[in-house]
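Report on the structure given below.
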Amino acid sequence: MEIDLATPALLFSAISLIMLAYTNRFLSYAQLVRTLKEQYMENPSSVKAAQIANLRKRLYLTRAMQVAGIGSLLLCVVSMFFVYIRLHLLSAYIFGLALILLIISLAISVYEIYISVKSLEIHLNDMHE
């Protein structure tokens with residue numbers, strides 16, 4: 001496969017938007033952690049403990065999503081560099097790795113969404129009791 005400088009550059013805007021979404025998600029989790037911790041310290045409950053455990057798992061997944069996304073972006077830049085110095089075959093393999101990291105990041109994101117729904121179910125079940 002022959003690629004040019006524009007091929008890896010195509011992912012820049014997509015990865016940038018994904019990273020923005022991941023960062024926003026992380027910031028909302030950080031605020032939620034602070035709020036839940038205060039609530040748990042004032043009035044400990046099993047529901048709040050379950051929410052905190054779920055949130056901890058989601059934070060780790062968000063970190064993994066961000067690392068994979070940043071790795072993908074970094075490999076795109078490396079791929080462009082190898083195109084620039086005319087190492088096209090190596091560039092194609094590195095670009096392939098960048099795509100794999102992006103796929104991993106998106107797959108982790110889907111899994112994190114399932115866990116987020118579980119967190120909301122815990123919250124809704126608490127309302128029924």
Side-chain angles (χ1 to χ4, degrees):
M1 178 180 133
E2 190 76 24
I3 64 174
D4 61 8
L5 281 173
T7 306
L10 289 173
L11 289 184
F12 279 19
S13 60
I15 294 173
S16 297
L17 287 174
I18 288 170
M19 293 305 297
L20 181 63
Y22 292 169
T23 300
N24 286 339
R25 189 179 296 179
F26 179 79
L27 292 173
S28 68
Y29 291 163
Q31 182 60 39
L32 190 55
V33 164
R34 290 180 187 95
T35 303
L36 273 175
K37 182 184 176 198
E38 286 177 16
Q39 290 175 359
Y40 185 78
M41 297 304 270
E42 291 173 6
N43 184 18
S45 73
S46 61
V47 172
K48 287 184 185 116
Q51 289 282 15
I52 290 169
N54 183 286
L55 193 55
R56 178 176 280 121
K57 191 184 302 185
R58 290 162 57 195
L59 281 169
Y60 289 133
L61 289 172
T62 302
R63 178 180 61 186
M65 293 176 338
Q66 288 175 322
V67 167
I70 290 168
S72 178
L73 184 61
L74 178 65
L75 288 179
C76 282
V77 173
V78 171
S79 177
M80 290 174 67
F81 176 73
F82 283 126
V83 168
Y84 179 74
I85 62 172
R86 292 185 169 77
L87 293 173
H88 294 285
L89 184 60
L90 187 56
S91 174
Y93 284 122
I94 291 174
F95 181 65
L97 287 174
L99 291 175
I100 289 169
L101 280 177
L102 185 57
I103 290 167
I104 290 169
S105 177
L106 293 171
I108 294 170
S109 179
V110 169
Y111 179 60
E112 192 276 332
I113 289 169
Y114 280 106
I115 292 174
S116 295
V117 169
K118 192 174 190 177
S119 175
L120 292 174
E121 287 174 358
I122 292 170
H123 194 66
L124 289 173
N125 287 339
D126 183 45
M127 289 174 52
H128 290 300
E129 295 174 1

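Quick caveat, the model's predicted, so the values are computed rather than measured.
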* Report whether Val67 and Leu73 are members of the same hydrophobic cluster (ILVMFWY, side-chain heavy atoms less than 4.5 Å apart, transitive linking). => no
* Of all heavy-atom pairs between Pro8 and Ile3, which one has the smallest distance, and what is that distance? -> CG-CD1, 4.4 Å
* State, to 0.1 Å, how close Lys48 and Asn43 come at their nearest heavy-atom pair, and which atoms those are. => NZ-O, 3.4 Å
* Say whether, by atom type as modelled, one donor and one acceptor occur between the side chain of Arg34 and the main chain of Ala30 under 3.5 angstrom. => yes
* Spell out, yes or no, whether Ile18 and Ile70 are grouped together once hydrophobic residues are joined by side-chain heavy atoms under 4.5 Å, including indirect joins. => yes
* Asked: Do Asn24 side-chain atoms and Leu27 backbone N/O form a donor-acceptor pair below 3.5 Å?
  -> no
* Can Ser116 and Glu112 be counted as having a side-chain donor-acceptor contact under 3.5 angstrom? -> yes
* Would you say Leu99 and Ser72 make side-chain contact, with heavy atoms under 4.5 Å? -> no
* Please examine the side chains of Leu89 and Phe82, heavy atoms only from C-beta on, and report whether any two atoms are closer than 4.5 Å. => no
* Asked: Within a radius of less than 6.0 Å around CZ of Phe12, do more than 12 heavy atoms belonging to other residues, nucleotides or ligands occur?
  -> yes
* Asked: In Å and rounded to the nearest 0.5 Å, what is the CE to CG distance from Met80 to Leu11?
  -> 10.5 Å
* Count the heavy atoms belonging to other residues, nucleotides or ligands that lie under 6.0 Å from NZ of Lys57, then report whether that count exceeds 12. => no
* **Min side-chain heavy-atom separation His88-Asp4 under 4.5 Å** => no
* Heavy-atom distance under 4.5 Å between the side chains of Thr23 and Gln66, does that happen here? -> yes
* Give the cluster check for Leu102 versus Ile113: same hydrophobic cluster or not, with ILVMFWY residues linked at side-chain heavy-atom distances below 4.5 Å. => no
* To do: Could you go through the side chain to side chain contact (heavy atoms under 4.5 Å, CB included) check for Ser109 and Arg25 one step at a time?
  => CA-CA 11 Å; Ser109 179; Arg25 189 179 296 179; 3.5 Å; yes
* Structure fact -> Interatomic distance, CD@Glu121 vs CD1@Ile115, rounded to 0.5 Å, equals 12.0 Å
* Asked: Is there a path from Leu61 to Phe26 through hydrophobic residues (I, L, V, M, F, W, Y) whose side chains come within less than 4.5 Å of each other?
  -> no
* **Nearest non-hydrogen partners of Ser91 and Val83, listed with the distance** => OG-CG2, 2.9 Å
* Considering all heavy atoms of both residues, which atom of Ser119 and which atom of Gln51 are nearest to each other, and what is their separation? -> OG-OE1, 2.6 Å
* To do: In sequence, state the C-alpha distance, the side-chain angles, and the governing distance for Ile104 and Ile100, and then conclude on side chain to side chain contact (heavy atoms under 4.5 Å, CB included).
  => CA-CA 6 Å; Ile104 290 169; Ile100 289 169; 4.0 Å; yes
* To do: Check whether the side chains of Tyr22 and Ser105 place a donor and an acceptor atom closer than 3.5 Å, and report yes or no.
  => yes
* To do: Group every Ile, Leu, Val, Met, Phe, Trp and Tyr by side-chain heavy-atom contacts under 4.5 Å, then state whether Val78 and Leu87 land in the same group.
  => yes
* Taking all non-hydrogen atoms of both residues, which atom of Leu75 and which atom of Leu101 are closest, and how far apart? -> CD1-CD1, 3.7 Å
* **Leu55 side chain reached by Arg58 side chain, heavy atoms, under 4.5 Å** => yes
